[in-house]
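Letters A, B, ... are given to chains in the order of the sequence lines, protein chains preceding strands, and every chain is numbered from 1.
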There are 2 protein chains.
Amino acid sequence: MSGKTDGRVRRSNSVQAAGEPSPKDLKLATFFPYRLAVLSFDVSQTISQLYADRFNLTRQEWRVLAALGENKHMSAAAIAEYSTLEKMQVSRAVSKLLKAGLIAREENIRDRRSHSLRLSDKGVAIYRKIVPLVLAREKFILSALSERERKEMDSIFAKLVNKTREMRKMG
Amino acid sequence: MSGKTDGRVRRSNSVQAAGEPSPKDLKLATFFPYRLAVLSFDVSQTISQLYADRFNLTRQEWRVLAALGENKHMSAAAIAEYSTLEKMQVSRAVSKLLKAGLIAREENIRDRRSHSLRLSDKGVAIYRKIVPLVLAREKFILSALSERERKEMDSIFAKLVNKTREMRKMG
DNA sequence: TATTGTTATACTCTATAACTATA
DNA sequence: TATAGTTATAGAGTATAACAATA
C-alpha cells in the first residue's frame, strides 16, 4: 500500500482556507515527539516479545525482575523509583511474581510496613535466560551505529532527558 | 539471532548464587530500549498535555487531526498508514471526531466503501491552536541540542528505525 | 500526622476477530 | 474472493483515590 491520500491532486502540505495564513508547518514524519514515539514503540515490541511470548511477563513484571536482578534486595518503593513505575504497578507486578514464584519477600525488621524483595531461584533462572536474549537484540539494533555515533547518542539522550524534565517541572 | 551473549567469565555485582556464573550485566539505566522508552514517555506526556487537557483529545485523535491538517483529504486507510495507527484506532478516533464536529466526511464516488475525510472549520481552528503549542514544546526540548547534534540525531534515528524494522521482519 | 504498600473503581487502550457493504 | 471500514468482546493497562498497618 502506498502512502497516497484519496487520489486528488495535492494542493499544499497543510491546511489553508480562504487565503488565511496557515500555521507553521507540522509534519508528523519530521516531528520529533512522533518519531521518538514510533521508534520507541517498535523497539519495545521487539524486546517485549522475548519476555512476553516465552515467559508470559508484562513489561512491568519484566522491569521488576530486572531491578531485582541488578540490586538483589529492594523494597517496593525502591523498585518503583528504580524502574520508573508507579507504586500500584509495582504492587500488582510483585503480587503476580510472588504467585508465580519468581520472587520472594522477607519482613523488614526495621519497618514492618515494608518488605525486602528478591528473586527466587526460579526467578534467577528466568532472569538469566532473558538477559542474554534482550542484550543480543539491543546489540543488533545498536549495530546500526558506529562507536562514535553511539557515544553521540548517549550524550544527546542525556541532554534531551534533562531538558524534558526541566519542561515538565515548569508545567 | 546470535545467541553468543553468555558471558560466563564475567562476575559482577548482580545476581549471584552459590558461586554460579552471573549473566552478562544488564543495567536498566544504560539499557537502550529502557532509556528510549522513558524518554519517549516523558516527551509524549509533555506534548499530550497540550491537546488532552485543553481540547480533550486522545493521542490517536490528535494524530488523525495532524494527518488531516497536513494532507487535507484522506481515507481512513491512508490516515492509518500515515499516522502509524491501526485501522480500528482510526475508525474510533474518526467516529469521535465526527461526533465532536472536528472533521467531516464525503462519499468517495469511485469506491463507496470508503470516505474522504477532512477537517471541518472547527477542526481547522483547533488544529491551528494546537500546532504552535506543540511546535513550541518541540523547539524547547530540541534547544538542548546544537544544530550539529540535531542533524546527527536525525541520522541516528533513521538508522535505528531501519535496523529495528529489519529485526522485526526477521521475527 | 505521615508513610508503605494494597485494594477498589472506573476508565482507557489494545488485540483479535467477526461482520457489512461494497468491489 | 478480496477490500474498506465498523463493531463486539475481552483482556491489559492506567489514574485517582480510599484504605490498613505502621511509623
Take atom [atom1] of [X] and atom [atom2] of [N], then tell me their distance rounded to the nearest Å.
X	N	atom1	atom2	result
B/Gln49	D/dA15	CD	P	13 Å
B/Met74	D/dG5	CE	P	11 Å
B/Glu61	C/dT12	CD	P	10 Å
A/Gln89	C/dT4	CD	C1'	17 Å
A/His115	C/dT3	NE2	P	19 Å
B/Glu86	C/dA17	CD	P	13 Å
A/Leu117	C/dG5	CG	C1'	11 Å
B/Gln60	D/dT6	CD	P	15 Å

Distances for protein N/O vs nucleotides 18-20 of chain D N/O pairs under 3.5 angstrom?
none

With the side chain of B/Met88 defined as its heavy atoms from C-beta on, choose the nearest nucleotide among C/dT16, D/dG13, D/dA17. C/dT16

Closest to side chain of A/Arg92, choosing from C/dT6, C/dA15, D/dA15: D/dA15

Please classify the nucleic acid contact of [X] as base, sugar-phosphate, or nothing, using heavy-atom distances under 4.0 Å.
X	answer
A/Ser75	sugar-phosphate
A/Arg59	sugar-phosphate
B/Thr58	sugar-phosphate
A/Ser114	sugar-phosphate

Same cluster or not: are B/Phe41 and B/Val38 linked, directly or through other Ile, Leu, Val, Met, Phe, Trp or Tyr residues, by side-chain heavy atoms under 4.5 angstrom apart? no

Out of curiosity, does A/Met88 fall in the hydrophobic cluster containing A/Leu98 (side-chain heavy atoms, cut-off under 4.5 Å, transitive links)? no

A/Arg137 vs A/Gln49, test: side chain to side chain donor-acceptor pair (under 3.5 Å). Steps then yes/no. CA-CA 11 Å; A/Arg137 292 221 163 170; A/Gln49 267 193 312; 2.8 Å; yes

So B/Leu36 and A/Leu39, side-chain contact (heavy atoms from CB on, under 4.5 Å) or not? Walk me through it. CA-CA 8 Å; B/Leu36 183 63; A/Leu39 176 61; 3.9 Å; yes

Can you establish whether the number of heavy atoms outside A/Asn56 located under 6.0 Å from its atom CG is more than 12? no

Within a radius of less than 6.0 Å around CD of A/Glu81, do more than 12 heavy atoms belonging to other residues, nucleotides or ligands occur? no

Within the side chain of A/Glu70, is there an N or O that forms a donor-acceptor pair under 3.5 Å with the backbone of B/Leu28? yes

Is a side-chain N or O of B/Arg105 found less than 3.5 angstrom from the main chain of B/His115, in a donor-acceptor match? no

Going by side chain to side chain donor-acceptor pair (under 3.5 Å), A/Glu61 matches just one of A/Arg92, A/Lys96, A/Gln89. Which one? A/Lys96

Over 60° means perpendicular and under 30° means parallel, so tell me whether B/Tyr51 and B/Trp62 are parallel, tilted or perpendicular. parallel

Under 4.0 Å from OP1 or OP2 of C/dG5: is there any side-chain N or O of A/Ser91 that close? no

Could you walk me through whether A/Ser116 and A/His73 pass side-chain contact (heavy atoms from CB on, under 4.5 Å), step by step? CA-CA 6 Å; A/Ser116 174; A/His73 292 276; 3.4 Å; yes

Which residue lies toward the 5' end of DNA chain C, A/Phe41 or A/Ser95, if each is placed at its nearest nucleotide? A/Ser95

Overall bend of the helix from C/dT1-D/dA23 to C/dA23-D/dT1 (five pairs an end, 10° steps) is 10°

Nucleotide N/O to protein N/O under 3.5 Å, stretch nucleotides 21-23 of chain C:
unit_1, atom_1, unit_2, atom_2, d
C/dT22, O2, B/Arg113, NH1, 3.3
C/dA23, OP1, B/Arg112, N, 2.9

The residue among B/Leu97, B/Leu65, B/Leu102 that forms side chain to side chain contact (heavy atoms under 4.5 Å, CB included) with B/Leu119 is B/Leu65

